[in-house]
Amino acid sequence: MDVYRIAGGRRIGGTARVRAAKNAVLPILAAALLTDETVIVQNCPRIADVDNMLAILETLGCQCSREGAQVSIGASGATGWEMPRHLSKSLRSSIFMMGSILGRFRRATVTYPGGCEIGQRPIDLHLKGLRALGVSLREAHGMIYCDGARLHGGEVHLDFPSVGATENVMMAAALAPGRSAILNAAREPEIVDLQRFMNAMGAKIEGAGTDRIVIEGVERLHGACYEPVPDRIVAGTYLVAAAITGGEIEVSGARGADLAAVLDKLRCAGCEVEAQETGIFLRAPEKLSAIEVSTQPYPGFPTDMQAQMMALCCVASGTSVIVENVFENRFGHAPQLRCMGADIRLFDRMAVVRGGRLTGARVAARDLRGGAALTLAGLCAEGVTEVEGVPLIDRGYEALDEALNALGADIRRIQ
Ligand code: EPZ
């Protein structure tokens, strides 16, 4: 399995660009199934999760193609409503194909997605939402058989503002006769983007970005050409890369408003941060200061930036506290950082990090964002760090090594 070999101690800086957000593109690709016309997604990242989603759409009968950063999906030939087991296992977020398959075919057979490295990842709220729309569900042999013959508008209260459950219900309700409402909906920028994209297809959705989303079902949706929002987590990762190595960076195209909680913590750590029209500027301090982070649903501090911030805390002066409130098992990177000399103590969902220095070591990524965090730690560690599990990083980052090398890093991808 590919490894990053990182020579630490080099400043990261310059200008970085980000592609469209993975977590916006994935539901948008799923929603392309809701029309038999062509959908074009622009500025699409070349990452494994997108490739897997396109493969799933092709097994359902869609025509998918990519020209550079432009992806097009033609779902006129789509006939399949059964999700391929092997693909839906490799891509957890394929679970929100349920909503779009049901919206299109009024039935769906999907594999029960397993847990993953960061937690059990239950789907009870997805199923609660679909039942509220009149879908009858039967679970057997690790599969879920959905009958949407009586799909209709309905109201669902989400016990937790689940991003995926919110997206699934939006997609199932778009073509369901009648009005639907999602209460305690997720408010992430990627939800707002999905609403914007689906309305460009002719849907009637409003309220995304608030905790109440209302969907008026329509007869049909048409094609669209759309550029999703920039990836706020990739942008945040680049900002931390500069902060942790004493550099200065401009992440052009990134939207400060989408990362307000992260920018706030980077300022608390002593960084000079400016959210401008053209992007986000950061200058690192001589010495980073310890911080306190508590992950929350948007607009709170994003769980997808928790691992990267822990890497920063490992070299900040003082003792930092990180609480992971969203996923129950998202500290897989902590033991790996300890191999690099980090002083991290875990108490259930809380990590206490006493800042010091990091030294290069051979470590292993356990999940996507943990792998990014270990790469960031390697940038500032003394000596050489080798990060195993690069294919996990490829799921959400387009050639992270090349992007960081263009900013001054010395990373080699070795087999
Ligand atoms: C999305 O996952 C993102 N993935 C995740 O990004 C992100 O961490 C997460 O939202 C939170 O922001 C995509 O958008 C493809 P949730 P999702 O449903 O939808 C519990 C990354 O690194 N829950 O909001 O699966 C769940 O267990 C990935 O890019 C239920 O209990 O997240 C978790 O504790 C990782 N029942 C919490 O809600 C349900 O039915 C948040 O999950 C659904 C979720």
Side-chain angles (χ1 to χ4, degrees), residues 19-31 45 47-50 52-53 56 88 90-99 110 112-132 137 139 144 156-171 182 184-194 211 228-229 231-237 258-259 261-262 295-308 324-330 332-333 349 365-373 392-398 400:
R19 291 280 190 201
K22 165 177 88 79
N23 291 349
V25 167
L26 293 176
I28 284 171
L29 292 176
I47 54 177
D49 276 9
V50 166
N52 279 331
M53 182 61 92
I56 288 173
S88 36
S90 61
L91 181 61
R92 218 213 77 86
S93 47
S94 57
I95 191 62
F96 47 58
M97 288 296 300
M98 282 170 88
V110 297
Y112 223 98
C116 66
E117 318 76 20
I118 61 176
Q120 284 305 309
R121 309 298 290 274
I123 59 167
D124 55 308
L125 298 178
H126 296 248
L127 304 184
K128 178 180 183 183
L130 296 176
R131 283 195 184 95
L137 303 162
E139 298 170 51
I144 307 170
V156 59
H157 178 275
L158 297 179
D159 306 68
F160 182 90
S162 156
V163 170
T166 300
E167 291 163 344
N168 242 336
V169 175
M170 285 167 75
M171 287 188 269
I182 306 170
N184 197 28
R187 297 186 279 168
E188 274 69 5
E190 293 76 23
I191 304 278
V192 177
D193 215 33
L194 180 62
D211 62 1
V229 290
D231 197 312
R232 59 195 171 103
I233 305 301
V234 171
T237 304
D258 294 351
L259 271 173
V262 175
T295 69
Q296 300 291 341
Y298 192 88
F301 188 93
T303 175
D304 291 351
M305 280 298 302
Q306 178 259 107
Q308 299 91 314
E324 173 54 64
N325 296 301
V326 177
F327 287 103
E328 75 271 18
N329 182 28
R330 202 169 193 176
H333 41 283
R349 287 184 177 241
R366 298 279 181 247
D367 60 80
L368 162 57
R369 306 302 175 184
L392 283 170
I393 301 172
D394 290 341
R395 287 189 45 207
Y397 293 88
E398 185 177 322
L400 182 61

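Indexing begins at 1, ligand by ligand and atom by atom, following the structure's order. The figures here come from the full heavy-atom set of this structure, side chains too, leaving out hydrogens, waters and symmetry mates.
When only non-hydrogen protein atoms are considered, atom 14 (O) of ligand 1 lies nearest to Asn23 CG, 3.3 Å.
The closest side-chain donor-acceptor pair between Thr237 and Gln308 falls under 3.5 angstrom. Checked by atom type, the side-chain pair Arg232/Tyr298 shows no donor-acceptor distance below 3.5 Å.
Counting only residues at least two apart or on different chains, no salt bridge (charged side-chain N to carboxylate O under 4.0 Å, His left out) pair has a member in residues 160-169.
Using a 4.0 Å cutoff on heavy atoms, Arg330 counts as a contact of ligand 1.
Between Val326 and ligand 1, at least one pair of N/O atoms sits closer than 3.5 Å. The shortest N or O to N or O distance between Phe160 and ligand 1 is not under 3.5 Å.
A donor-acceptor contact shorter than 3.5 Å is absent between the side chain of Glu188 and the backbone of Ile191.
Nearest to atom 7 (C) of ligand 1 by heavy atom, out of Asp304, Leu26, Asp367, is Asp304. Distances from atom 30 (C) of ligand 1 to the heavy atoms of Pro122, Ala24, Pro297 put Pro122 nearest. Of the options Asp124, Ile123, Ile191, the smallest heavy-atom separation from atom 36 (N) of ligand 1 is shown by Asp124.
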Please step through side chain to side chain donor-acceptor pair (under 3.5 Å) for the pair Thr295 and Gln306, ending with a clear verdict.
CA-CA 7 Å; Thr295 69; Gln306 178 259 107; over 6 Å; no

Evaluate salt bridge (Lys or Arg N to Asp or Glu O under 4.0 Å) for Asp124 paired with Arg131, printing each intermediate quantity in order.
CA-CA 10 Å; Asp124 55 308; Arg131 283 195 184 95; over 6 Å; no

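The proximity of Arg369 to ligand 1, defined as any non-hydrogen pair under 4.0 Å, is limited to the side chain.
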